[in-house]
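All remarks here apply to the structure that follows.
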Amino acid sequence: MQMFAGHERDLRAFVRSMGLDWAAADDVMQTVSLVMWRKWHEYDVDSDFMKWARVITRFEVLKYRRKMARDRHVFREDVMSLLAGVVEEVDASSSSDEFRDALQACLKMLPEKSGHLIRAAYAGDRTIREVADDVGQSATAFYKTLNRIREKLRQCVRQRLNAT
């Protein structure tokens, strides 16, 4: 319980980084705590707690996501996996606050068009196909554009965190 309590904030940030809102993050965190309690006998006390906890958390978020698959306000599983991968790559010494600050700074540094595309893709209730039509691209081309922007963001966040 002490280990969970000591890392709950970082785990909650991990859940939020995969695109869930506050209420969904609360639901997932309750489930995560129960699953971790049931699986505690499997945890090796000599191993990295956060690595173990992130694996459980990631699976619980994906389970939650599958239940909510019909809701257009929830990211697709591949996007959530990408976001989770970015967070997992962040050095364990970096706090969730440092990560959030780095991401915000990197978002501000994007060219205007890229920033507009990211906001259009993840804000509101429009489908990717609708956003792609608005910018004059096919859905496939738009996904490729988004992947390039996300990769730039990932590199920027890495560089900022490594510099601190």
Side-chain angles (χ1 to χ4, degrees), residues 1-110 114-115 117-119 121-123 128 143-144 146-164:
M1 289 300 287
Q2 286 176 329
M3 292 180 89
F4 177 78
H7 295 284
E8 182 178 8
R9 184 174 183 216
D10 290 330
L11 288 172
R12 187 174 297 279
F14 181 62
V15 169
R16 290 279 297 140
S17 74
M18 289 187 275
L20 298 184
D21 64 24
W22 292 107
D26 287 342
D27 292 345
V28 169
M29 286 303 295
Q30 288 178 16
T31 304
V32 165
S33 65
L34 291 172
V35 170
M36 289 174 70
W37 182 258
R38 279 188 235 124
K39 292 185 174 219
W40 181 250
H41 68 279
E42 297 175 16
Y43 173 67
D44 177 5
V45 294
D46 295 326
S47 66
D48 181 359
F49 176 79
M50 277 302 289
K51 186 174 182 179
W52 179 75
R54 277 192 192 117
V55 169
I56 290 171
T57 303
R58 186 180 210 171
F59 280 114
E60 292 307 314
V61 168
L62 293 175
K63 281 183 197 175
Y64 181 87
R65 169 61 181 93
R66 280 191 286 276
K67 284 194 307 189
M68 303 303 293
R70 292 181 186 250
D71 186 347
R72 293 189 320 192
H73 293 96
V74 179
F75 290 140
R76 291 185 341 270
E77 191 170 324
D78 62 327
V79 173
M80 289 181 18
S81 293
L82 174 70
L83 293 170
V86 169
V87 173
E88 287 176 341
E89 290 175 12
V90 173
D91 184 7
S93 65
S94 298
S95 73
S96 57
D97 291 336
E98 289 171 328
F99 176 79
R100 185 182 59 247
D101 292 345
L103 180 58
Q104 287 297 330
C106 291
L107 284 167
K108 288 177 184 174
M109 292 174 52
L110 284 175
S114 296
L117 293 177
I118 286 289
R119 284 188 299 279
Y122 296 116
I128 292 293
Y143 276 119
K144 289 178 183 178
L146 284 178
N147 284 334
R148 285 191 296 272
I149 297 169
R150 286 192 292 255
E151 182 57 32
K152 287 179 185 176
L153 286 171
R154 182 190 339 237
Q155 290 171 5
C156 178
V157 168
R158 254 192 230 135
Q159 288 173 343
R160 285 187 164 274
L161 291 176
N162 288 337
T164 57

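Looking at heavy atoms from C-beta onward, D27 lies in side-chain contact with Y64 at the 4.5 angstrom threshold. Contact of the D10 side chain with the F14 side chain is not registered, since no non-hydrogen atoms from C-beta on lie closer than 4.5 Å.
For L103 against V157, the heavy-atom pair with the smallest separation is CA-CG2, 3.8 Å. V28 and V61 get closest at one heavy-atom pair: CG1-CG2, 3.7 Å. In plain terms, the two heavy atoms of R160 and C106 that are nearest each other are CD-SG, 3.6 Å.
Residues forming a side chain to side chain contact (heavy atoms under 4.5 Å, CB included) with D44 (at least two apart in sequence, or on another chain): D46, S47. For the side-chain hydrogen bond (donor to acceptor under 3.5 Å, both in side chains) test, residues two or more places apart in sequence or in another chain that qualify with Q155 are E151. Partners of K63 according to the salt bridge (charged side-chain N to carboxylate O under 4.0 Å, His left out) rule, which considers only residues two or more places apart in sequence or in another chain, are E60. Evaluation of the side chain to side chain contact (heavy atoms under 4.5 Å, CB included) rule for F59 yields V55 as partners, not counting sequence neighbours. Partners of E8 under the side-chain hydrogen bond (donor to acceptor under 3.5 Å, both in side chains) rule, at least two apart in sequence or in another chain, are R12. In this view, S114 and L110, P111, I149 satisfy the side chain to side chain contact (heavy atoms under 4.5 Å, CB included) rule, not counting sequence neighbours.
Applying the salt bridge (charged side-chain N to carboxylate O under 4.0 Å, His left out) test to pairs two or more places apart or on separate chains, none has a residue in residues 33-42.
Between W40 and F49, the ring planes are tilted. Angles from 30° to 60° get that label.
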